[in-house]
Structure formats: C-alpha cells, structure tokens
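Below is one structure, written out as structure tokens; the observations come after it.
For the single chain, residues carry numbers from 1 onward in sequence order.
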Amino acid sequence: MKPKVAVLCGGISPERDVSIVSGQNVFDALKDSFDAQLIRLDENKLPENLNPQDTIIYPAMHGDYGEDGTLQAELDEAGFSYAGCDSLASRACMIKPATKSLLKFASLPVPRSLEFNAKNKPSAQTLFELFPNGSIIKPADKGSSVGLIVARTIQDAEGGLSQIEDGEWMAEEFCKGREFSIGVIYGKACGIVEIMPEGGVYDFKRKYTAGSTKYEFPAKISKQAEDAMRTSAEKAFKVCGCRDFSRVDFIMTDEENLKFVILEINTLPGMTPTSLLPKSASCVGYDFKSLCEKLLEGAIARHSK
C-alpha cells in the first residue's frame with residue numbers, strides 16, 4: 001500500500017510566502033495519485049496528528065527551520081521518512097561557508113570570499129582591496145538571496161554594510177558571466193537552465209516576480225561546457241552528502257576555456273511557477289506531476305524498510 005503523504009509548507013521565515021506557494025503546487029500534483037494532505041505550519045514545529053507508520057513527509061519548506069536541518073532532525077527523531085536531504089547535509093548546504101569548504105576540499109571551483117560577523121564588519125575599502133571587481137554581500141545562513149547586497153562601488157559597499165546589524169555574513173567576489181542552474185535527482189544531473197535577470201542580479205524579487213527574469217532551458221551552451229557543469233553538479237551533490245534531490249547554481253565566466261564557479265547548493269528547491277528545479281527536470285522529460293512523484297521515491301523506499 002502507498003503511504004499517505006503530508007506536504008508541509010509555511011513556517012516562520014522570510015520565505016514563508018514562497019513556501020506556501022511551493023506547498024500548494026506540490027500538493028496539487030500529488031493529490032490524485034496519493035492520499036495527500038497540505039499542512040501549513042504557523043509555527044516552527046511539527047504537527048502532532050501525523051503517524052510515521054503510515055505517512056511520509058514532503059517538506060516544501062524554505063529558509064530557516066525548513067532548510068537548515070532543524071526540521072529534518074525533528075522528523076528523524078519522530079521516526080518519519082521524508083523527501084530530500086537529511087539534517088546534516090541540509091545544515092551544511094544552508095551555511096554557505098561550510099558548503100564552500102566542502103566544495104573546495106573536492107577541488108570544485110568556488111568564488112573567493114570573506115566571512116564576518118555583523119559586530120566585526122570589514123570596511124568598504126577592505127572589500128574593494130580584496131575584490132577590485134566588486135562583491136556580493138549576503139547572510140551566511142539564509143536562502144533565496146534574502147538580504148543580498150550588490151556592491152559594485154565603494155559607495156554601494158558602504159551603504160550595504162551600514163544596513164548590517166546582526167548575524168553572520170559573507171562577502172563574495174563578483175564573478176561576471178552567465179548564470180546557470182542544474183537540478184540533480186538521485187545523483188543524476190538534469191538539464192541546464194540559464195538565468196537572465198533584469199539588471200543582471202538574481203535577487204529575491206527577481207526570483208519570485210513573474211516576468212522579471214528570463215529563462216532558457218535547455219540552455220544554449222557548448223556540449224563541453226554542459227558536460228563539465230553537469231559533472232561538477234553531480235560531484236557537488238555527492239560531496240555535500242545530498243540525497244534524493246538538490247539544485248546547484250553556477251556562474252560561467254569563460255565558456256571557451258570551461259571556467260566557472262559554483263555559487264551554492266539548494267537542498268529544498270522551490271516549486272513555484274518561476275522555480276528552477278522544475279525547469280531543469282523538464283529538460284529530461286519530467287512534467288511537474290511526474291517530477292513531484294519522482295522526488296518522493298526515496299522517501300517511499302525508506303518508509304518501506
């Protein structure tokens with residue numbers, strides 16, 4: 001017998017509204033094939049009326065709690081099988097400096113960066129001495145480009161740094177090039193999506209505002225560049241301990257010489273109308289419904305054991 005499916009969404013984070021849209025879309029895709037229910041969390045805690053013996057979880061959660069490994073640890077403790085990465089991989093990929101350390105250890109290319117605490121910020125001058133071509137300043141432990149600051153000039157950096165009051169942050173060298181994203185499902189890279197945001201910066205607004213970013217999938221790039229990025233996406237997935245599915249984001253700085261950097265790994269990719277994982281998966285034959293069913297297969301197999 002198929003297990004029941006509980007799709008969790010919401011929670012308390014800056015990405016709550018996006019999570020609710022993802023959750024509704026996943027639920028709509030699964031409800032005809034499974035005994036599914038959509039549960040909107042209004043606090044960061046598991047609902048009490050679910051039974052791990054007959055129910056698996058699809059966590060359509062984004063941001064704090066959902067992606068930082070906390071939810072996954074609670075699900076493990078309660079005995080639930082769930083779709084997506086486990087607690088350790090979720091935590092490692094949410095904390096950007098940790099992700100970069102793992103990728104660098106595996107000889108995968110990442111942008112140069114500087115990590116800092118809000119109470120001990122670098123000066124704008126220091127940033128431009130380190131990164132003469134500008135930098136991207138962002139929280140070290142948030143998703144969806146929440147809080148992202150583009151510092152192309154010293155004045156940009158001064159203004160951005162003045163807004164930072166607490167938390168852990170990082171400044172990353174600005175890498176000019178084409179931006180791509182690749183979904184990885186059960187260790188296998190899907191198609192490549194090119195991201196072309198208005199103004200050149202793929203921030204929170206351009207991620208979730210329809211029409212503010214153009215996408216091309218499959219991307220028009222050389223076979224050599226495609227193979228190199230897909231191989232790197234699969235290696236990053238493995239190195240970071242991911243399971244079931246994730247999404248790997250790149251900047252291609254020199255296509256002819258196959259030079260690129262990995263920006264980040266997202267362990268619970270969005271499932272909204274503008275989201276990248278469904279676009280990447282469509283390149284290898286998945287429509288949205290079949291994709292959602294595929295993403296559950298790992299959790300179903302773990303539940304059956």
Side-chain angles (χ1 to χ4, degrees), residues 1-11 13 15-16 18-94 143 183-188 190 237 240-247 265-272 275 277-278 281 286-305:
M1 291 179 62
K2 286 183 181 178
K4 299 176 183 177
V5 178
V7 180
L8 304 185
C9 67
S13 88
E15 299 171 64
R16 172 182 170 83
V18 177
S19 170
I20 289 171
V21 176
S22 285
Q24 185 68 57
N25 288 350
V26 172
F27 169 73
D28 288 344
L30 294 174
K31 64 184 180 181
D32 292 337
S33 301
F34 292 87
D35 180 358
Q37 62 175 315
L38 177 63
I39 301 175
R40 188 174 73 180
L41 303 182
D42 293 322
E43 55 183 332
N44 287 345
K45 63 178 292 187
L46 288 182
E48 297 178 355
N49 59 340
L50 297 176
N51 182 356
Q53 298 301 314
D54 62 12
T55 301
I56 62 174
I57 307 295
Y58 186 104
M61 302 287 293
H62 308 313
D64 307 335
Y65 181 68
E67 286 186 89
D68 66 6
T70 305
L71 170 62
Q72 290 76 11
E74 291 180 1
L75 289 169
D76 286 332
E77 179 70 21
F80 283 98
S81 294
Y82 54 93
C85 294
D86 67 11
S87 178
L88 182 60
S90 299
R91 185 67 178 164
C93 291
M94 188 68 164
V184 183
I185 300 177
Y186 302 109
K188 182 73 173 175
C190 299
F237 182 93
C240 291
C242 298
R243 73 176 187 192
D244 295 358
F245 55 91
S246 290
R247 195 196 74 229
I265 302 175
N266 188 306
T267 56
L268 276 180
M271 300 293 275
T272 76
S275 292
L277 178 61
Y286 292 102
D287 60 19
F288 193 80
K289 183 176 187 297
S290 64
L291 171 62
C292 291
E293 292 175 353
K294 184 70 176 178
L295 300 185
L296 276 181
E297 287 182 1
I300 292 171
R302 290 187 289 274
H303 182 266
S304 71
K305 294 179 180 179

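Within the structure, salt bridge (charged side-chain N to carboxylate O under 4.0 Å, His left out) pairs that include any residue of residues 290-305 comprise D244-R302, K289-E293, K294-E297 (at least two apart or interchain).
Closest heavy-atom contact between L291 and A281: CD1-CB, 3.7 Å. Across every non-hydrogen atom of K2 and S33, the tightest pair is NZ-O, 2.8 Å.
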query = Could you walk me through whether E67 and E15 pass the side-chain contact (heavy atoms from CB on, under 4.5 Å) check?
reply = CA-CA 11 Å; E67 286 186 89; E15 299 171 64; 4.1 Å; yes
message = One pair to check against side-chain contact (heavy atoms from CB on, under 4.5 Å): I265 and M94. What are the steps and the verdict?
response = CA-CA 8 Å; I265 302 175; M94 188 68 164; over 6 Å; no
I39 vs V7, side-chain contact (heavy atoms from CB on, under 4.5 Å): CA-CA, chis, key distance, verdict = CA-CA 6 Å; I39 301 175; V7 180; over 6 Å; no
message = side-chain contact (heavy atoms from CB on, under 4.5 Å), that's the test. Do I20 and R40 meet it? Break it down for me.
response = CA-CA 7 Å; I20 289 171; R40 188 174 73 180; 3.5 Å; yes
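L38 contributes atom CG, which lies 4.5 Å from atom SG of C9 (distance to the nearest 0.5 angstrom). Here the straight-line distance linking atom CG of L268 with atom NE2 of H62 works out to 7.5 Å at 0.5 Å rounding. Separating the SG atom in C190 from the CG atom in L277 is a distance of 6.5 Å, to the nearest 0.5 Å. F288 contributes atom CZ, which lies 8.0 Å from atom OG of S275 (distance to the nearest 0.5 angstrom). The OG atom of S90 sits 8.0 Å away from atom CZ of R243, with the distance rounded to the nearest 0.5 Å. The SG atom of C242 lies 13.0 Å from the CD1 atom of I185; values are rounded to the nearest 0.5 Å.
Inter-residue side-chain proximity for R16 and V18 is flagged as unmet; no heavy-atom pair is nearer than 4.5 Å.
For N266 (side chain) and R247 (main-chain N/O), no donor-acceptor pair under 3.5 Å exists by modelled atom type. At least one donor-acceptor pair under 3.5 Å links the side chain of D86 to the backbone N or O of A89. Looking only at distances, a side-chain donor or acceptor of S304 sits under 3.5 Å from a matching main-chain atom of A301. In this structure a side-chain-to-backbone donor-acceptor pair under 3.5 Å is missing from S22 to S19. In this structure, the side chain of Y186 engages the main chain of G298 through a donor-acceptor pair within 3.5 Å.
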Determine all donor-acceptor pairs shorter than 3.5 Å in which one atom belongs to a side chain in residues 70-84; sequence neighbours excluded.
residue, atom, partner, partner atom, Å
T70, OG1, D68, OD1, 2.8
Q72, OE1, G69, N, 3.4
Q72, NE2, G66, O, 2.9
E74, OE1, Y65, OH, 2.6
D76, OD1, Y82, OH, 3.2
D76, OD2, Y82, OH, 3.2
S81, OG, H303, N, 3.2

Side-chain polar contacts of residues 51-60 - donor-acceptor pairs under 3.5 angstrom, sequence neighbours left out - could you list them?
residue, atom, partner, partner atom, Å
N51, OD1, Q53, N, 2.9
T55, OG1, N51, O, 3.4

